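Here is the structure we will look at.
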Amino acid sequence: MSAENEIDRPLRPKKARTWVDWAVQFRWIIVILVVLPVSFVFNLCTYIGDRWSDSKSFKKRQKEHDENVEKVIRRLRERDPAKDGLVCTARKPWVAVGMRNVDYKRARHFEVDLSAFRQILDIDKENMVARLEPLVNMGQITRVTVPMGLALAVVAELDDLTVGGLINGYGIEGSSHIYGLFSDTVVAYEIILADGRLVRATADNEFADLFYAIPWSQGTLGLLVAAEIKLIHVKEYMRLTYKPVKGTLSEIAQAYIDSFAPRDEDQDNPAKVPDFVEGMVYSSSEGVMMTGRYASKSEAKMKGNKINNQGWWYKQWFYQRAQTALKRGEFVEYIPTREYYHRHTRCLYWEGKLILPFADQWLFRFLLGWLMPPKVSFLKATQGDAIRNYYHERHIIQDMLVPLYKVGEALQFSDYEFELYPIWLCPHRLFKTPVKTMITPEPGFERHHRQGDTHYAQMYTDIGIYYTPAPVFRGEEFDGAEAVRKMEHWLIENHGFQPQYAVSELNEHDFWVMFDASLYNRCREKYKAVGTFMSVYYKSKKGRKTEQEVREEEQKVQENGYYDVEKPLLD
C-alpha cells in the first residue's frame, strides 16, 4: 500500500494476552523435544520403505498394486448404505499436509484404507510418462527421476506433497507458467467408482467427462489409485538469477510480470521465457524476482560460476538467501536441480521461523538443521483445539489465484487486509478446455492480448500469503476469519480462486459462485457418487460435521441448485 494511503489502515485496539498466546509463543519446546525427533524417525522409516519399494521390479510393483486395488473394491462393496457413513480414506484427520483440519472425519464415516498406494509403478522413458500411485510424494519421485535426467513437468516444492493431493486438490510450481497446474500434466487417471468399477479416464475416451472433473474434486467422485503423468527432460543444475526490485506494489507486480511474460506476446518462445519463475515480496516496497534455466554440469562448473548446494542442512534458508539480493544487487548462481526443486522444504517457505524462531541461525542450522523440517502432520497432531483455533484466527495460510494483470491490485488488497510479509508469487497457466471445469479462465480473455496470455490459456498467479499478520505481532486485535472472508469475496469479484487445502469461510452458495459446479455435479450423478462420497463443499466446509449433516449428505439426490444446466458438457 502506498504511503499516502497508510492513514486508511484500520485502528486496532490492543488484545489482552491469554494462556493460548503463551502456549503458542513457547510451543517450540514441544517441537524441539517431541516433534522434530519423531519427524526424523518417521522420515527415516519412510525413506527405507521407499528404497525397498524401488528395489522391486516394475512387474512386482504392478502385481502388488493389482492386489491392493482388489482389496479396495471388496471393501467398498462391503458398505451398507443404510447404516454406514459416507466413504472416505482411513488417513487420520491430522495427517494431511494442508492447514485445513479434516473435520468431516470427526462424524460417522466408512473408511477405506489407501495407505498401501505409495509406489512408483512405471517410468516410461519412451512415452515420457510416469505411472504413480496417489501417495507417492514429491521427494520420492525426484529421488528416482532426476538421476535419469527426467522430472515431472510440475514438481511441487515441499517433499511431503503427494500425487493424489496435488491432483484432487491444488499443485503448482515455478514451471507452471509453461505447463499449468499439476493436474494439467496428467495423462490418465485410474479411479474406483462408487459401484466398485475400476476405470481409466483420459481426455479422449468414454470417461473424458470424469477426466476433466477430477481436478479440485477432493476425491469426491471416486477413489484415485494411480495416475499417469507427463515427464520432461532436465539437466543437472538450475541456473538461477536473483533480481531485486524496489518501488510501489504496482511497480513490484509489473517487474514480476516482465520477468517471464514478453511484452510482444511471444509467450511460447523458450528464448524469451525462463524454465522457472517465482517472486518474493519482502515488504510493500521491496521484492526479489527469480528466474531459472536448466544448465548442464559442465556449464555449472565453468570457472567463475558460483554453485550453491542449497540442499545441505546447514545452508542459509532459501528465502533468506534470495533476500540478500536486496543488498548485493542482481546475481546468478547454480543449484543442483533436485535441491532446487525442494528449496522451500527445510524452512517450510518461511513458516519455519514461526515454529522455531531461532532455527534460521547459523549455530542451530549446523548442529540440528538435519532434523528440519518438522512434519506438518505431527505439528497438527500436537496442537489441540485451542491452539488450532488460535491459528485460524491469528495466522494466515492462504493462496489467492488471480489473473496476472490483477497481481498489483491483489498485493495492495493483501497489504491492507493482512499486512503480512513475505509474500510468494508463482505464475500458472489456466488452460481453455473442451468443457468448463471447476476453475476456468475469464470469458473472452484472449481478445485483450494481455501480457502472459495466449489464445489457449490465460496466465494466472498464485499469491501465497503464509505468516502471522503484523497486527498480531504488535499485540493488536485481528480477526483472521473476517479477513479471509473479505479475501474470498475479493476473489469472487475478480474471477479468482482459493485452493481448497486452506481454511474456507465461504457458505455453500458463494462456494459455487467461485467454482463452476456444472460438470462436477453431472459426474457426481452419472457415476453414482451422490450418497456414497461426500460433496466437495461438504468436505471443504469449516467446522465439525454433525450426524444430521452426514445423513443429509447421504440422502441428497442432487448436490445443489447453483449450477447452470445449459452450460456445455461432454457427452
Side-chain angles (χ1 to χ4, degrees), residues 39-40 43 47 137-147 149 151-152 154-161 172-175 234-244 259 274-280 282 287-302 304-353 355-356 359-374 422 424-426 464 466:
S39 297
F40 177 78
N43 287 335
Y47 173 80
N137 64 38
M138 295 297 99
Q140 182 182 355
I141 185 63
T142 57
R143 190 183 303 119
V144 172
T145 59
V146 171
L152 299 182
V154 174
V155 181
E157 290 90 349
L158 303 183
D159 284 20
D160 284 349
L161 296 174
I172 192 172
E173 165 59 297
S175 61
V234 301
K235 298 179 181 178
E236 297 93 339
Y237 283 83
M238 186 66 65
R239 182 184 187 274
L240 194 62
T241 301
Y242 303 80
K243 186 174 182 178
S259 70
D275 295 321
F276 275 77
V277 180
E278 73 177 324
M280 296 183 201
Y282 292 96
V288 176
M289 305 305 142
M290 286 147 283
T291 55
R293 290 184 179 274
Y294 289 110
S296 65
K297 185 176 181 180
S298 59
E299 178 187 338
K301 292 186 174 295
M302 289 177 63
N305 287 342
K306 169 69 176 178
I307 292 178
N308 174 17
N309 294 109
Q310 185 64 45
W312 286 99
W313 74 88
Y314 54 81
K315 299 290 282 189
Q316 185 179 28
W317 287 357
F318 183 75
Y319 83 95
Q320 294 175 337
R321 173 71 174 174
Q323 193 173 10
T324 63
L326 294 172
K327 291 185 178 180
R328 64 186 289 189
E330 182 174 337
F331 68 99
V332 176
E333 65 183 11
Y334 292 79
I335 302 177
T337 295
R338 184 168 185 267
E339 295 179 22
Y340 175 77
Y341 285 154
H342 303 296
R343 61 200 178 278
H344 292 298
T345 291
R346 197 170 300 282
C347 54
L348 298 174
Y349 288 90
W350 27 87
E351 285 286 313
K353 180 70 173 173
I355 298 167
L356 291 171
D360 61 334
Q361 300 302 306
W362 183 88
L363 185 60
F364 180 93
R365 296 200 317 266
F366 184 78
L367 295 177
L368 294 175
W370 51 276
L371 285 171
M372 292 289 286
W424 189 59
L425 302 177
C426 185
Y466 327 124

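Each residue takes its place number in the sequence, starting with 1. What you see is a predicted model; the values in this text were computed from it and never measured. The figures here come from the full heavy-atom set of this structure, side chains too, leaving out hydrogens, waters and symmetry mates.
- Taking 4.5 Å as the limit, some side-chain heavy atom of M138 sits within range of a side-chain heavy atom of H342.
- For the atom pair M290 CE and K243 NZ, the distance stands at 13.0 Å (nearest 0.5 Å).
- Checked against Y341 for a side-chain contact (heavy atoms from CB on, under 4.5 Å), the options D159, I335, T142, L152 give a single hit: T142.
- Taking the side chain as every heavy atom from C-beta outward, M280 and Y349 never approach each other to under 4.5 Å.
- Counting all heavy atoms, side chain and backbone alike, P373 lies closest to S39 at O-CB, 4.2 Å.
- For the pair Y237 and Y340, the minimum side-chain heavy-atom distance is 4.5 Å or more.
- For R293 (side chain) and D275 (main-chain N/O), no donor-acceptor pair under 3.5 Å exists by modelled atom type.
- Scanning both residues, L158 and T345, for their nearest heavy atoms gives CA-OG1, 3.4 Å.
- Here the closest non-hydrogen pair linking S175 and V154 is OG-CA, 3.7 Å.
- Between P336 and N309, the shortest heavy-atom contact is CG-ND2, 3.4 Å.
- The salt bridge (charged side-chain N to carboxylate O under 4.0 Å, His left out) contacts involving residues 325-338 comprise R321-E333, where partners must be two or more places apart or lie in separate chains.
- Test Y319, Y282, W424 against W350 for ring pair (Phe, Tyr, Trp, His ring centres under 6.0 Å) and you get one pass: Y319.
- Taking 4.5 Å as the limit, every side-chain heavy atom of C347 sits out of range of all side-chain heavy atoms of D360.
- In this structure, OG1 in T324 is found 6.0 Å from CD in Q316, a value given to the nearest 0.5 Å.
- Screening E299, E236, K301, K306 for a side-chain hydrogen bond (donor to acceptor under 3.5 Å, both in side chains) with Y334, the sole residue that qualifies is E299.
- Taking a cutoff of 4.0 Å between a charged side-chain nitrogen and a carboxylate oxygen, R343 and E278 qualify as a salt bridge.
- Here the side chains of E157 and E173 are in contact, with some heavy-atom distance below 4.5 Å.
- In this structure, CG in L348 is found 14.5 Å from NZ in K353, a value given to the nearest 0.5 Å.
- Aromatic ring centroids of F276 and Y294 lie under 6.0 Å apart.
- Heavy atoms of other residues, nucleotides or ligands lying less than 6.0 angstrom from CZ of F366 number 12 at most.
- Within the model, atoms CH2 of W313 and CZ of R346 stand 9.0 Å from one another, a figure rounded to the nearest 0.5 Å.
- In this structure, CD on E339 lies 8.0 Å from CG on N308, to the nearest 0.5 angstrom.
- Among all heavy-atom pairs drawn from L326 and G287, the shortest one is CD2-O, 3.6 Å.
- Between S259 and V277, the shortest heavy-atom contact is OG-CG1, 4.0 Å.
- Separating the CD atom in Q361 from the CH2 atom in W317 is a distance of 9.0 Å, to the nearest 0.5 Å.
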